[in-house]
Participant: 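Below are the structure tokens for one structure; questions will follow.
One is the number of the first residue; the rest follow in order along the sequence.
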Amino acid sequence: MGNDKTNMIVAIALSLAVLLGWNYFIAAPRVEQQRQAALQNKAATQGSGQVSGPDGVPSASPKEGGPATPMPGTLPNASGAGGGIMSREAAIARSPRVTIDTPALAGSIALKGGRIDDVSLKNYHETVDDKSPRIVLLSPTGTENPYYAEFGWVGQDAGPLPGAETVWTADTTTLAPGKPVTLSYDNGAGLLFKRVIAVDDKFLFTVRDEVENKGTKTVSLFPYSLVSRWGKPHTQGYYVLHEGMIGVLGADGLQEYTYDHLAKEPALGNAGTKGKTWTGVTGGFVGITDKYWAAAAIPDQSSPYTGRFTERTDGATKVYQADVFGNAQTVQPGATVAATQQLFAGAKEVNTVNAYQANQNIKQFDLLIDWGWFHFITKPMFRALDFFFHLFGNFGIAILVVTLCLKLLFLPIANKSYQSMAKMKAVQPEMASIRERYADDKMKQQQAMMELYKKEKINPVAGCWPVLIQIPVFFALYKVLFITIEMRHAPFFGWIQDLAAPDPTNILNLFGLLPFAAPDFIHLGIWPIIMGITMFIQMKMNPAPPDPVQAQIFTFMPIVFTFMLGSFPAGLVIYWAWNNTLSVIQQYIIMRRNGVKVELWDNLRGMFRRKSADKSAVAKS
């Protein structure tokens with residue numbers, strides 16, 4: 001009876017793993033594949049009729065905007081003013097520009113408006129093919145989906161302030177690390193504006209806005225910075241991943257708002273604008289995040305500001321904005337004031353983001369990466385994988401080594417578990433005798449079982465520990481594989497060129513031997529099958545449960561997991577297969593040391609005998 005309960009607990013734990021995995025994770029890789037397919041189709045469409053942008057970046061293809069009149073406490077918005085949708089190249093060509101050229105970024109700054117609105121990532125491509133189009137992060141207004149960063153001042157009675165139509169003068173043609181650019185604009189009413197933009201060799205822009213008052217009147221100005229995105233982007237929509245507005249704002253800490261959540265917020269002062277406002281904030285950032293990329297406005301970490309997430313409608317287009325609004329700065333005649341802010345625009349590389357937090361003193365900037373509630377597991381998991389990656393140069397090998405290290409770490413618990421299971425098997429005859437002796441008295445049967453456990457020092461639930469330990473490790477590894485860009489397009493060996501994507505092979509076309517593409521509704525590649533085989537062998541190491549229902553659950557569990565994990569990232573499937581293999585070896589050694597017979601071969605022979613017997617019975621009938 002005790003062994004039955006142990007098996008049932010293990011079965012329940014595995015079933016919970018299946019349900020949780022299916023509900024939260026199974027469809028995510030499929031959606032990612034669909035997204036990649038959509039990107040490829042988009043690239044193909046652009047190649048057939050649209051003009052490509054610089055450096056081979058694919059064109060996007062909304063409306064040109066002019067600034068609204070700024071008022072104290074408000075920020076200028078680009079509003080639809082006709083012009084239609086155009087190619088990315090055409091939208092970029094409408095303004096004179098300063099080229100951005102760094103080891104990580106390519107693009108330009110629009111002198112008309114002074115916006116950083118043209119950024120692509122040199123080291124990241126849409127597919128595993130390095131010849132595929134680069135990832136485009138920021139795009140100007142006029143394209144299909146504008147996405148840009150803007151800096152400036154708002155206020156009243158200061159004369160014309162720089163806006164979306166302002167044409168700045170630049171002192172150089174190229175922005176590069178160590179080579180900042182200075183933009184200048186004279187509003188003709190006594191104010192001279194200067195904007196010094198610097199960039200590092202990764203993804204951080206530093207923007208210093210200065211105002212010199214050459215007039216005779218004191219003016220009061222409010223510095224601001226914003227990230228604006230036009231149109232709701234495609235999101236994967238899974239609990240394991242946050243996409244949308246993100247920020248760390250004062251005592252409220254991390255704030256994450258999905259695009260749909262933002263639409264449910266109450267209206268703000270501006271007509272048609274919904275959102276959330278935080279006042280009196282010091283430190284942190286606000287921005288918009290995708291799975292692997294982000295754009296974030298970072299204010300002066302020592303000065304208080306107001307942070308906002310907003311949604312508004314321009315025509316038929318939703319406009320999402322994250323902005324920071326500083327306190328008023330008074331500019332006396334003959335004086336100069338300045339405000340320094342920063343912009344992160346790039347890939348959410350873990351080490352890069354952590355370095356910015358440490359070196360730039362950006363409050364909790366590491367939360368730009370969605371480590372989740374169990375960050376105390378996912379962060380160490382990534383650090384271990386990253387350490388062994390730099391040691392061996394392959395994330396797949398890193399997964400194997402980390403799995404081995406975890407096995408060694410939990411070796412005492414696993415050994416006790418397997419020893420208890422071995423003792424349980426050794427007393428099977430006595431347990432069978434107790435069941436027969438007290439077949440009609442379940443209470444006495446249970447008491448006799450407990451006395452036997454106590455006498456033999458057996459823990460009937462010890463067999464659950466390996467499974468219970470494996471489940472959180474499984475989910476932590478899944479989270480790391482799913483959210484960290486380091487795993488994106490990371491190859492293993494052979495046909496696995498992306499550990500964050502499902503195994504590309506499929507049994508339906510004999511793993512590529514037959515000349516047709518396998519349908520998407522079944523992902524059953526080589527590694528999921530290997531994983532299923534290792535799980536099947538692990539199940540057969542133990543005697544079959546006496547209860548028929550339990551026996552059926554354990555029989556079909558490897559099949560269920562094989563199909564379920566077929567759509568999971570290949571790195572996770574490799575981990576599970578390798579973990580099963582190590583568990584089989586460990587269990588085999590412990591069982592032999594305890595003098596317990598290994599049931600594997602008998603169970604396998606028994607399967608074939610039953611099948612032969614069933615066939616004979618059918619033939620006789």
Participant: Could you go step by step and tell me if Leu572 and Leu477 meet the side-chain contact (heavy atoms from CB on, under 4.5 Å) rule?
Facilitator: CA-CA 7 Å; Leu572 197 65; Leu477 183 59; 3.9 Å; yes
Participant: May I have all residue pairs that pass salt bridge (Lys or Arg N to Asp or Glu O under 4.0 Å) and include part of residues 367-393, sequence neighbours excluded?
Facilitator: Asp366-Lys379, Asp370-Lys479
Participant: What pairs of residues pass the salt bridge (Lys or Arg N to Asp or Glu O under 4.0 Å) test when at least one of them lies in residues 558-579, not counting sequence neighbours?
Facilitator: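 Passing the test, one end in residues 558-579: no pairs.
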Participant: Between Thr505 (side chain only) and Ile526 (backbone N and O only), is there a donor and an acceptor less than 3.5 Å apart?
Facilitator: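 Yes.
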Participant: Taking atom CD of Glu243 and atom NE2 of His234, what is their separation to the nearest 0.5 Å?
Facilitator: 7.5 Å
Participant: Checking the side chain of Ser120 only, and the main-chain atoms of Arg134 only, is there a donor and an acceptor separated by less than 3.5 Å?
Facilitator: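 Between the backbone of Arg134 and the side chain of Ser120 there is no qualifying donor-acceptor contact (under 3.5 Å).
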Participant: Do Asn394 side-chain atoms and Phe492 backbone N/O form a donor-acceptor pair below 3.5 Å?
Facilitator: yes
Participant: Among residues at least two apart in sequence or on other chains, which ones pass salt bridge (Lys or Arg N to Asp or Glu O under 4.0 Å) with Asp200?
Facilitator: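 Salt bridge (Lys or Arg N to Asp or Glu O under 4.0 Å) check on Asp200 returns nothing, list empty.
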Participant: Donor-acceptor pair, Lys122 side chain versus Thr102 backbone, under 3.5 Å?
Facilitator: yes
Participant: Nearest 0.5 Å, please: how far is CZ in Phe475 from CE in Met381?
Facilitator: 12.5 Å
Participant: Using modelled atom types and a 3.5 Å cut-off, is there a donor and acceptor pairing between side-chain atoms of Gln364 and backbone atoms of Gly253?
Facilitator: no
Participant: Could you list the residues that satisfy side chain to side chain contact (heavy atoms under 4.5 Å, CB included) with Ala577, not counting sequence neighbours?
Facilitator: Trp527, Ile530, Met531, Thr534
Participant: Partners of Phe309 by ring pair (Phe, Tyr, Trp, His ring centres under 6.0 Å), sequence neighbours excluded?
Facilitator: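 In terms of ring pair (Phe, Tyr, Trp, His ring centres under 6.0 Å), with neighbours along the sequence ignored, Phe309 is linked to Tyr257, Trp278.
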Participant: So does Trp371 get a backbone contact from the side chain of Thr378, meaning a donor-acceptor N/O pair under 3.5 Å?
Facilitator: yes
Participant: Ignoring hydrogens and geometry, is there a side-chain-to-backbone donor-acceptor pair from Gln357 to Phe365 under 3.5 Å?
Facilitator: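 Yes; at least one donor-acceptor contact below 3.5 Å.
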Participant: Can you list everything that forms a side chain to side chain contact (heavy atoms under 4.5 Å, CB included) with Leu254? Sequence neighbours excluded, please.
Facilitator: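 Scan of Leu254 (side chain to side chain contact (heavy atoms under 4.5 Å, CB included), adjacent residues dropped) gives Ile246, Val248, Glu256, Leu367.
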Participant: Might you work through the side-chain contact (heavy atoms from CB on, under 4.5 Å) test for Asn579 and Ser583, ending with a clear yes or no?
Facilitator: CA-CA 6 Å; Asn579 185 75; Ser583 297; 4.0 Å; yes
Participant: Determine yes or no for a side-chain-to-main-chain donor-acceptor pair under 3.5 angstrom, with Tyr259 supplying the side chain and Pro233 the backbone.
Facilitator: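 Absent.
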Participant: What I'd like to find out is whether the side chain of Asp503 reaches to under 4.5 Å of the side chain of Val573, using heavy atoms alone.
Facilitator: no
Participant: Step through it carefully: locate the ring centre of Trp576, locate the ring centre of Phe568, and say whether they are under 6.0 Å apart.
Facilitator: no
Participant: Between the side chains of Lys276 and Asp252, is the shortest nitrogen-to-carboxylate-oxygen separation below 4.0 Å, so that they form an ion pair?
Facilitator: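 The answer is no: the pair does not qualify as a salt bridge.
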Participant: Mind telling me whether Phe388 and Phe392 have parallel, tilted or perpendicular rings, with 30° and 60° as the class edges?
Facilitator: parallel
Participant: So does Tyr292 get a backbone contact from the side chain of Asp290, meaning a donor-acceptor N/O pair under 3.5 Å?
Facilitator: no
Participant: Hey, can you tell me if Tyr148 and Trp230 have their rings parallel, tilted or perpendicular (30° and 60° cut-offs)?
Facilitator: tilted
Participant: CD1 of Ile399 to CH2 of Trp578: how many Å apart, nearest 0.5 Å?
Facilitator: 13.0 Å
